Amino acid sequence: MIKDFFGDHLTPLSWGEELPSVWKKPFNFSEQEWAHDVTEQQFILNSAENLASDYQKIGEIMRDTFVGLHDRMARFTGREDDPVSTEVFRHLSASDEWTNLQEKTQGDTMGSALATSHIAREFLSNLPEEVQEALQNHQEAQKAMEEARRKAEVGLPINSEELKALQERMEQTQQQALEAMGNSPAQMKASAWDSVLAAHNDLNDVKNAADALGLGWGNENGQASTIDDMDGIVELAEHLKNEEGLKGLMDTLGWVEEIAQSVREEVSSGQHYFTHYERGELDLELLADEEFIYLASDVEEIRLSFLARAIDGDVLLKHYEGEDELGKGPVELVFDTSGSIKPYRTILIAIALAVFKAAREEGRRFVAIPFSGPGDFRVFDFGLKPTPAQILELVKFGYWGGTEPYQPLEVALKIIQEDESMQKADILFLTDGQFADPPDEFLRMLKKVREEIGLNLVSLVLFVTNQQCELFSDRVVSAMRLDDRGKVRMVFKDVFRSW
């Protein structure tokens, strides 16, 4: 399928290979990124497939768009062998919006890929109809001419008159395409402006979603997502944008995470201090100051030397030690998804994601256990590097039935007992219901975990007074509304105090 859209000639196999391009640049790193990573992504393939019937050279158009956004040294020069492609990209790259978008995507494979998909789809489909038809006719003529030349190169019979006719057709359609674009300068500019601006906004939305949901982006931190996560991130962002029950989640997540971060800084007791430097894999959070100087150097040889060492895992890093190095056990969120709490679904998810992000930053295992009536519970155990698909599944999940918490709480205790670290664990229990007193077996199990491993169990109870929670919790916070920021702060304070 990839070859159908992108062709063998768009997959460079060796460094320094020259490919036809509207950009002038000294290296082909961006083509390597495009060929070996980006063309495997489903959202890129979908864009190519949707456009391939109209644009024979869609792979080449998308590749040049990606390179122009990704390679900060790419300079627009045009192609002597393809004036039509040159004119298309002249309109696209001449806008201020293109320059602004480049500042966000240079060196960012994920951002460049997403913007490429959007621009190719929006720009080409929004061109004036006469321009679209002229471009399609020219690309068909180009393809026919290329096929004829390939036949001639391998010795297959083809007469000179046929080649001459194909050449004349290609030249004629080329002139028609150039004239069509020249006759519609305002519409060409508007199409370029709209598509690049839409790509810019879409990139911001997806990037914000990835960061807010704890997935990270590119190489901006040591636990960030990669291009292999991109399909899932795009799907997750689309779900957040279009799912009626989740509208407002990003805003809610903003204030919930702000409270969580503030409380963590306030109650943190770990002594975390620098001890020495060491060499290892690239981690921008730990990268030595002098390495940042090499990375940002205007001297090409210095910058390329740093990139080569980064690829080999041989960069200088700061090493920290202290109480944070000791590690702790799992962080578990056991939360009610009964029908009565559904109106507060976005805040439930925001609290879950805030705790998940905090746990991940501490290098701790995070487990979420949504529950409802008897037997209705599910364990989401992300590990230290969740996929976008796992996050999406948790975001979408809920029973919206009754309330019976003890079986999921027992499962949470078993996870702590079976965890290899056997370090002190934390459970945040969230409910809005009333239920029976805790069974004796559950209380015995809870006592054993507290004595042998260590446990901090904090409960947030909504709308009602709940004496049952007092029987098994270290601390109970009651709130009339889940969006009571003061109560949310109190809960985070009790949870993070033990961290």
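Atoms considered below: every heavy atom in the structure, side chains included; atoms not considered: hydrogens, waters and symmetry mates. Since we're looking at a predicted model, the values are computed, not measured.
At most 12 non-hydrogen atoms from other residues, nucleotides or ligands lie less than 6.0 angstrom from CD of E133. Around the CD atom of Q167, the shell of radius 6.0 Å holds more than 12 heavy atoms that belong to other residues, nucleotides or ligands.
Between the side chain of D419 and the backbone N or O of I415, no donor-acceptor pair lies under 3.5 Å. Judged by distance alone, with hydrogens and angles left aside, the side-chain atoms of E291 form a donor-acceptor pair with the main-chain N or O of L316 at under 3.5 Å. The main-chain N or O of A141 is never found under 3.5 Å from a side-chain atom of T173 such that the two would form a donor-acceptor pair. One N or O on the side chain of Q390 and one on the backbone of T387 form a donor-acceptor pair closer than 3.5 Å. Remark: the backbone N or O of Q56 is paired with a side-chain donor or acceptor of Q139 at under 3.5 angstrom. In this structure a side-chain-to-backbone donor-acceptor pair under 3.5 Å is present from N126 to E122. Although no hydrogens or angles enter the test, the distance criterion places no donor-acceptor pair under 3.5 Å between the side chain of Q174 and the main chain of V84. Panel note: side chain D71, backbone V67; no donor-acceptor pair is recorded below 3.5 Å. In this structure, T86 contributes its side chain and D82 its backbone to a donor-acceptor pair below 3.5 Å. In this structure, K357 contributes its side chain and D211 its backbone to a donor-acceptor pair below 3.5 Å.
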Given W193 and D96, is the side chain to side chain contact (heavy atoms under 4.5 Å, CB included) satisfied, shown in steps? CA-CA 8 Å; W193 190 92; D96 292 337; over 6 Å; no
Could you give me the CA-CA distance, side-chain angles and deciding distance for Q175 and E179, then say whether side-chain hydrogen bond (donor to acceptor under 3.5 Å, both in side chains) is met? CA-CA 6 Å; Q175 187 59 35; E179 289 177 355; 3.2 Å; yes
Working for side-chain hydrogen bond (donor to acceptor under 3.5 Å, both in side chains), residues E87 and H91: CA-CA 6 Å; E87 186 66 4; H91 284 283; 3.2 Å; yes
Test side chain to side chain contact (heavy atoms under 4.5 Å, CB included) on M110 and D229 and set out the steps. CA-CA 9 Å; M110 294 168 63; D229 300 314; 5.6 Å; no
Report the C-alpha separation of E168 and Q172 in whole Å, then their side-chain angles, then the decisive distance to 0.1 Å, and conclude whether the side-chain hydrogen bond (donor to acceptor under 3.5 Å, both in side chains) test is met. CA-CA 6 Å; E168 289 176 352; Q172 182 183 35; over 6 Å; no
For side chain to side chain contact (heavy atoms under 4.5 Å, CB included), just list the numbers for W34 and M62, CA-CA rounded to whole Å, side-chain angles, deciding distance to a tenth of an Å, and then say yes or no. CA-CA 9 Å; W34 168 259; M62 293 177 72; 3.7 Å; yes
Evaluate the criterion side chain to side chain contact (heavy atoms under 4.5 Å, CB included) for residue pair F335 and L428; output intermediate values, then yes/no. CA-CA 8 Å; F335 63 100; L428 172 57; over 6 Å; no
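Expressed to the nearest 0.5 Å, how far CG of N50 lies from CG of L124 amounts to 12.0 Å. Here CZ of R365 is found 9.5 Å from CD1 of I416. Values are rounded to the nearest 0.5 Å. The CD1 atom of I311 lies 11.5 Å from the CZ atom of R309; values are rounded to the nearest 0.5 Å. Separation of atoms CD (Q102) and OG (S93) is listed at 8.0 Å; rounding is to 0.5 Å. To the nearest 0.5 Å, the span separating CD on E238 from CG on D205 amounts to 9.0 Å. Atoms CG and CD1, from L114 and I44 in turn, are 8.0 Å apart once rounded to the nearest 0.5 Å.
Within the 4.5 Å cutoff, side-chain heavy atoms of Q41 are placed close to those of I227. Residues E266 and F496 fail the side-chain proximity criterion, which asks for heavy atoms closer than 4.5 Å. Using a 4.5 Å heavy-atom cutoff, the side chains of L317 and R279 are not in contact. Side-chain contact check for M230 versus F43: some heavy-atom pair is nearer than 4.5 Å. In this structure, D426 and R364 have side chains that are in contact, with non-hydrogen atoms separated by less than 4.5 Å. The shortest distance between side-chain heavy atoms of L127 and Q187 does not fall below 4.5 Å. In this structure, H70 and Q106 have side chains that are not in contact, with every pair of non-hydrogen atoms separated by 4.5 Å or more. Counting only heavy atoms from C-beta outward, the side chains of E33 and F66 approach each other to under 4.5 Å.
Looking at every heavy atom in both residues, T252 comes nearest to A350 through CG2-CB, 3.8 Å. Across D64 and S21, no two heavy atoms sit closer than the pair OD1-OG, 3.4 Å. When all heavy atoms are compared, the tightest approach of I58 to A52 is CG2-CA, 4.0 Å. The two residues P386 and F356 make their nearest non-hydrogen contact at CG-CZ, 3.3 Å. The nearest pair of heavy atoms linking F123 to V88 is CE2-CG1, 3.6 Å. M145 approaches L166 most closely through the heavy-atom pair SD-CB, 3.6 Å.
Taking the salt bridge (Lys or Arg N to Asp or Glu O under 4.0 Å) definition, one finds that D312 meets it with nothing, sequence neighbours left out.
A salt bridge is absent between E162 and K151: the closest approach of a Lys/Arg side-chain nitrogen to an acidic carboxylate oxygen does not fall below 4.0 angstrom.
Side-chain contact, Q42 with N46: a donor N or O sits under 3.5 Å from an acceptor N or O.
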